[in-house]
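To start, the structure under review is shown below, and the notes come after it.
Every chain is numbered from 1 and lettered A, B, ... according to where its sequence line falls, protein lines coming before strand lines. Everything numeric here is computed off the predicted structure, so don't read it as measured data.
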There are 2 protein chains.
Amino acid sequence: MGLTKSEIFTEEQNQIANIAKAFGHPARVAILQYLFKINSCICGDLVEEIGLAQPTISQHLKELKNIGLIKGNIEGTSICYCINKDNWSKMKTIVSEFLNQDLNENINCC
Amino acid sequence: MGLTKSEIFTEEQNQIANIAKAFGHPARVAILQYLFKINSCICGDLVEEIGLAQPTISQHLKELKNIGLIKGNIEGTSICYCINKDNWSKMKTIVSEFLNQDLNENINCC
DNA sequence: TTTATTAATCGTAATATTGCAATATAATAA
DNA sequence: TTATTATATTGCAATATTACGATTAATAAA
């Protein structure tokens with residue numbers, strides 16, 4: 001069906017999955033890495049840097065913005081994108097907790 | 001197109017995206033949490049626990065197995081699934097490095 | 001005003017994902 | 001052998017995602 005049955009999962013499970021989805025495409029990973037690297041914010045450079053068409057990059061930026069990991073400020077004709085550090089931190093907390101489940105000291109399995 | 005242009009990205013970017021994809025569905029998040037919680041390994045319980053049809057769960061398990069986060073041991077008629085802890089650790093290293101990019105002390109943006 | 005420039009949006013094609021019924025497979029039990 | 005049980009696979013329908021050309025919108029420059 002292609003339709004995830006979100007209703008049957010917890011808020012937390014859906015939240016983790018949604019965050020993960022944002023990271024689930026190499027273009028979005030690349031965009032985030034570039035934004036961290038460049039520090040000051042850039043926009044259409046990403047088209048050149050990454051090598052996908054402008055509408056495609058714009059679409060990926062929208063997804064990252066929707067989930068709150070980046071923000072964009074209008075600057076003349078261009079838009080300056082940057083990491084939303086507060087939300088990045090919050091996201092890290094959520095994801096880290098999930099990743100560190102293995103530290104809960106359990107014996108082994110089959 | 002629905003076809004990701006993996007060629008234009010680095011190995012690392014694709015790797016992160018692929019890991020994230022595995023976490024990009026709440027059912028797979030739930031499966032992993034359950035496997036951690038139950039400690040000893042379980043199989044078809046997941047169908048009851050989660051509430052998706054058996055073929056659907058089986059498919060999600062396959063994806064988690066393909067990426068190496070879980071492993072399954074045959075035990076009679078049933079199959080005992082559990083976390084692949086070595087790979088989980090390796091995965092954590094990769095993901096953590098990505099998540100901790102923000103610690104690279106940069107000023108602010110726009 | 002006209003013309004660039006930049007980025008968002010629309011429309012669409014191709015492919016991927018999700019979910020399940022039906023069926024197949026494999027191992028054990030009777 | 002014939003059930004029974006547990007899981008995988010197949011096939012398919014519905015929806016989602018990826019990518020891009022064409023267009024639009026908004027600002028800046030001439």
Side-chain angles (χ1 to χ4, degrees), chain A residues 1-9 13-14 17-31 34-35 41-67 70-82 110, chain B residues 1-9 13-14 17-31 34-35 38 40-67 70-82 110:
Chain A
M1 292 161 169
L3 209 180
T4 297
K5 284 189 162 179
S6 310
E7 334 84 60
I8 68 172
F9 300 102
Q13 287 161 347
N14 284 311
N18 284 332
I19 293 167
K21 249 190 208 171
F23 296 141
H25 193 288
R28 291 191 290 269
V29 171
I31 287 171
Y34 191 70
L35 284 178
C41 320
I42 270 89
C43 59
D45 296 325
L46 289 163
V47 174
E48 252 192 281
E49 175 69 15
I50 292 178
L52 288 171
Q54 180 266 317
T56 308
I57 295 293
S58 194
Q59 202 173 299
H60 285 305
L61 285 170
K62 192 179 178 184
E63 285 177 66
L64 291 173
K65 203 164 45 176
N66 282 343
I67 204 163
I70 65 172
K71 50 186 173 180
N73 277 51
I74 298 174
E75 230 164 65
T77 45
S78 59
I79 292 173
C80 175
Y81 281 104
C82 58
C110 42
Chain B
M1 291 156 171
L3 208 180
T4 297
K5 286 188 160 178
S6 309
E7 334 84 62
I8 69 173
F9 300 103
Q13 287 161 347
N14 283 311
N18 284 332
I19 292 167
K21 249 189 209 170
F23 296 142
H25 194 288
R28 292 191 288 271
V29 171
I31 288 171
Y34 191 70
L35 285 177
I38 291 300
S40 91
C41 320
I42 271 90
C43 57
D45 295 325
L46 288 163
V47 174
E48 252 190 282
E49 174 70 15
I50 292 178
L52 289 172
Q54 179 267 319
T56 308
I57 296 292
S58 193
Q59 200 174 301
H60 285 305
L61 286 170
K62 193 180 178 183
E63 285 177 66
L64 291 172
K65 203 165 47 177
N66 281 344
I67 205 164
I70 65 172
K71 51 187 174 178
N73 278 51
I74 298 172
E75 230 163 66
T77 46
S78 59
I79 292 175
C80 175
Y81 281 104
C82 58
C110 40

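Put simply, CG on B:L46 is 10 Å from P on D:dA8, counting in whole angstrom units. Remark: P of C:dA8 and CG of A:N73 are 12 Å apart, rounded to the nearest angstrom. If you take CG of B:D45 and P of D:dT5, they are 16 Å apart, rounded to a whole angstrom. Atom pair B:K5:NZ and C:dA13:C1' shows a separation of 14 Å (rounding to whole Å applied). Note: CD (B:E48) to C1' (D:dA6) measures 13 Å, nearest angstrom. The separation between A:I8 atom CD1 and C:dG19 atom P is 7 Å, rounded to whole Å. The distance between atom CG of A:L52 and atom P of D:dT17, rounded to the nearest whole Å, is 17 Å. Computed from coordinates, the A:I79 CD1 to D:dA28 P distance equals 12 Å when rounded to whole Å.
Interatomic distance, A:K62 NZ to A:L64 CG, rounded to the nearest 0.5 Å: 12.5 Å. With rounding to the nearest 0.5 Å, the separation of CG in A:N73 from SG in A:C82 is 6.0 Å.
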Can you give me every donor-acceptor pair (side chain of residues 48-56 of chain A, partner residue at least two apart or in another chain, under 3.5 Å) with its distance?
none

Quiz: residues 19-30 of chain A side-chain donor-acceptor pairs under 3.5 angstrom, not counting sequence neighbours:
residue: A:H25; atom: ND1; partner: A:A27; partner atom: N; Å: 2.9
residue: A:H25; atom: NE2; partner: B:T4; partner atom: OG1; Å: 3.3
residue: A:R28; atom: NE; partner: A:A22; partner atom: O; Å: 2.8
residue: A:R28; atom: NH1; partner: A:H60; partner atom: ND1; Å: 3.0
residue: A:R28; atom: NH1; partner: A:E63; partner atom: OE1; Å: 3.1
residue: A:R28; atom: NH1; partner: A:E63; partner atom: OE2; Å: 3.3
residue: A:R28; atom: NH2; partner: A:K21; partner atom: O; Å: 3.1

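Close to C:dT6, at under 4.0 Å from its OP1 or OP2, lies no side-chain N or O of A:Y81.
Put simply, the side chain of A:L61 reaches to within 4.5 Å of the side chain of A:I31, judged on heavy atoms.
The residue B:I57 sits apart from the nucleic acid: no heavy atom pair falls under 4.0 Å. At a threshold of 4.0 angstrom between heavy atoms, the contacts of B:S78 are confined to the sugar-phosphate backbone, with no base atom among them.
Taking A:K65 as the reference, A:I70, A:Y81 meet the side chain to side chain contact (heavy atoms under 4.5 Å, CB included) condition, with sequence neighbours excluded. Residues satisfying the side chain to side chain donor-acceptor pair (under 3.5 Å) criterion with A:Q59, sequence neighbours excluded, are absent altogether.
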What string of B, S and - do you get for nucleotides 22-30 of chain C, 5' to 3', when a contact is any protein heavy atom under 4.0 Å? B----BS--
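Of all heavy-atom pairs between A:Y34 and A:L46, the closest is CD2-CD2, 3.5 Å.
For A:I8, the CD1 atom sits in a packed shell: over 12 heavy atoms of surrounding residues, nucleotides or ligands are nearer than 6.0 Å.
Each of A:S6 and A:S58 lies near DNA chain C, and the nucleotide nearest A:S58 is the one positioned closer to the 5' end.
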Protein-nucleotides 14-17 of chain C N/O pairs closer than 3.5 Å?
residue: C:dA14; atom: N3; partner: B:M1; partner atom: N; Å: 3.2
residue: C:dA14; atom: N3; partner: B:M1; partner atom: O; Å: 2.4
residue: C:dA14; atom: N3; partner: B:G2; partner atom: N; Å: 3.2
residue: C:dT15; atom: O4'; partner: B:M1; partner atom: O; Å: 2.4

